[in-house]
There are 2 protein chains.
Amino acid sequence: MKLYDWTPAPNPRRVRIFLAEKEMEVELVQVDVLGGEHKSEAFLAKNPSGKVPVLELDDGTHVAESVAICRTLEAMRPEPSLFGTTPFELGRIEMANRQLELEMATPIGIAWVNGPIVGRTGRFQQIPEAKAQAEGATRKFYRRLDRELGERPYMAGEQFSVADITGLCMIDFASELVALEPDRELSNLWAWHERVSARPSTKA
Amino acid sequence: MKLYDWTPAPNPRRVRIFLAEKEMEVELVQVDVLGGEHKSEAFLAKNPSGKVPVLELDDGTHVAESVAICRTLEAMRPEPSLFGTTPFELGRIEMANRQLELEMATPIGIAWVNGPIVGRTGRFQQIPEAKAQAEGATRKFYRRLDRELGERPYMAGEQFSVADITGLCMIDFASELVALEPDRELSNLWAWHERVSARPSTKA
């Protein structure tokens, strides 16, 4: 199998960490995102959304979207489970992962596309009010996470899961490239960040 | 089990259709969303995001987020499968469902919160440029769906899946309440809409 990757982006990192947690290896193929390769006809045939990552299976078929790729990998190698196994675990991990994506990663993405790095490319109409609103929503969600991580060690409960991978990759991206680092006073969130970052997989 | 529901909203409808496809019955509890019950302390204890739907299991635990609830139900009653069973099917259905959510439902939601119905409540800062951008993104995605539905009968391939439920509920919501009905010339998309709407479950 091959993973179409672009090292600096947060979503391919989610899959690389997932693979490392599963002790699975695939060939990594760098896509020239700065050169627009992900919008080429050849790449759009792999993923009509024109985004990395994309998994290519040995029969030449493709699965795109980081969580969809991870779920494919989970079905190929169920242990250690990162999506849960009982109906309740499956539901709670997906709930945590989705709330992180819809209520934190989505506003981080809006702040990113309306920020200076994307703005300089001229590829995206800039809406400063949308950026400010998204920054407020992100910081509000950080405070919620800080409260919840005072009551449990991981995003979805007692066990490390795909939701922790989502949280880590998006918070690191927000901190490094979107000027949205969580406030240092959010000590439960930072303790979680340290706990998760200590896993060797996160260097993948 | 109980489902905390609010009939007019698109996300609880997704779960009601899913339950009907599975021939499962749960007690439906209407939440007084117009009165703000979903933001009350009692409801936030069920779902910290303050949103419907929420599934309450018989032991009093909760799962929120429509797709997380559906996945819980799928694990309880695997047949007929609406998420797929092989690694590839699981991946492709999740890919289709996520692209519908992230690239269509998300801009529909932005157009909705910046539209006249939410605007009149005064609860959300209105950004007209964000509304216009989201409308353009939604219409662009409709055109993509029309092309893809010329090549396959359902959102994720040959079989009806949870991605069709997502597509139907969001397009109906966009058409009825966000002034974002797909153009009539998108004949493949409308043929799909007719095919899916003919299922008895969609009346749930």
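Owing to the predicted nature of the structure, the values given are computational and were not obtained by experimental measurement. Chain letters run A, B, ... following the sequence lines, proteins first and then strands; every chain starts at 1.
With a 4.5 Å cut-off on side-chain heavy atoms, Val26(A) and Leu28(A) count as touching. Considering only heavy atoms from C-beta on, Tyr142(B) comes within 4.5 Å of Met104(B) through its side chain. Between Arg147(A) and Pro48(B), the closest side-chain pair of non-hydrogen atoms is not below 4.5 Å.
Within the 4.5 angstrom heavy-atom criterion, only side-chain atoms of Thr106(A), from C-beta onward, approach chain B. Contact of Phe124(A) with chain B is made through the side chain alone, with heavy-atom distances under 4.5 Å. In this structure, chain A has no heavy atom under 4.5 Å from any part of Ile69(B).
We find the CE-CG distance between Met155(B) and Leu149(B) to be 5.0 Å, quoted to the nearest 0.5 Å. Between atom CD of residue Gln30(A) and atom CG of residue Asp32(A) there is a gap of 10.0 Å, rounded to the nearest 0.5 Å. Here CD of Glu185(B) is found 11.5 Å from CG of Asn188(B). Values are rounded to the nearest 0.5 Å. Rounding to the nearest 0.5 angstrom, the gap separating the OG atom in Ser201(A) from the CZ atom in Arg13(A) is 9.0 Å. Taken from NE2 in His193(B) to OG1 in Thr202(B), the straight-line distance is 8.5 Å, to the nearest 0.5 Å.
Counting heavy-atom pairs under 4.5 Å between each of Lys51(A), Glu148(A), Gln99(A) and chain B puts Gln99(A) at the top. In terms of heavy-atom pairs under 4.5 angstrom with chain A, the leader among Asn47(B), Asn114(B), Leu102(B), Ile110(B) is Asn47(B). When Gln125(B), Glu74(B), Met76(B) are compared by the number of non-hydrogen pairs under 4.5 Å with chain A, Gln125(B) comes out ahead.
For residues 88-96 of chain B, heavy-atom neighbours of chain A at less than 4.5 Å comprise Phe88(B), Leu90(B), Gly91(B), Arg92(B), Glu94(B), Met95(B), sorted by residue number. Contacts with chain B (heavy atom to heavy atom, under 4.5 Å) involve these residues of residues 54-65 of chain A, listed by number: Leu57(A), Thr61(A), His62(A), Val63(A), Ala64(A), Glu65(A). Taking 4.5 Å as the heavy-atom cut-off, the residues of residues 129-138 of chain B that approach chain A are Glu129(B), Ala130(B), Gln133(B), ordered by number. Heavy-atom neighbours of chain A within the stretch residues 160-177 of chain B, taken at a separation under 4.5 angstrom, are nonexistent.
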**Prompt:** Under the salt bridge (Lys or Arg N to Asp or Glu O under 4.0 Å) criterion, do Arg199(B) and Glu21(B) qualify, and how do the steps go?
**Reply:** CA-CA 9 Å; Arg199(B) 299 175 80 91; Glu21(B) 289 282 341; 2.8 Å; yes
key: Derivation of the side-chain contact (heavy atoms from CB on, under 4.5 Å) call for Arg139(A) and Phe141(A)   = CA-CA 5 Å; Arg139(A) 295 208 174 278; Phe141(A) 199 83; over 6 Å; no
side-chain contact (heavy atoms from CB on, under 4.5 Å) between Val15(B) and Asp5(B), worked out
CA-CA 9 Å; Val15(B) 178; Asp5(B) 184 23; over 6 Å; no
Next on the checklist: For Thr7(B) and Arg16(B): C-alpha separation, side-chain torsions, deciding distance, then whether side-chain hydrogen bond (donor to acceptor under 3.5 Å, both in side chains) applies.
Outcome noted: CA-CA 9 Å; Thr7(B) 306; Arg16(B) 293 196 308 273; 4.8 Å; no
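Put simply, the side chain of Gln126(B) gets close to the backbone of Val113(B): a donor and an acceptor are under 3.5 Å apart. Side chain of Ser81(B) to backbone of Pro78(B): no donor-acceptor contact under 3.5 angstrom is found. Of the possible polar contacts, none joining the Gln159(B) side chain to the Tyr154(B) backbone as a donor-acceptor pair under 3.5 Å is found.
A tilted orientation is assigned to the rings of Phe83(B) and Phe18(B), their planes being inclined by 30° to 60°.
Using a cutoff of 4.0 Å between basic side-chain nitrogens and carboxylate oxygens, Arg143(A) and Asp183(A) are not scored as salt-bridged. Ion pairing of Glu103(A) with Lys140(A) is absent here, as no side-chain N (NZ or NE/NH1/NH2) approaches a carboxylate O to less than 4.0 Å. Between Arg14(A) and Glu101(A) there is a salt bridge, since a side-chain N of the basic residue sits under 4.0 Å from a carboxylate O of the acidic one.
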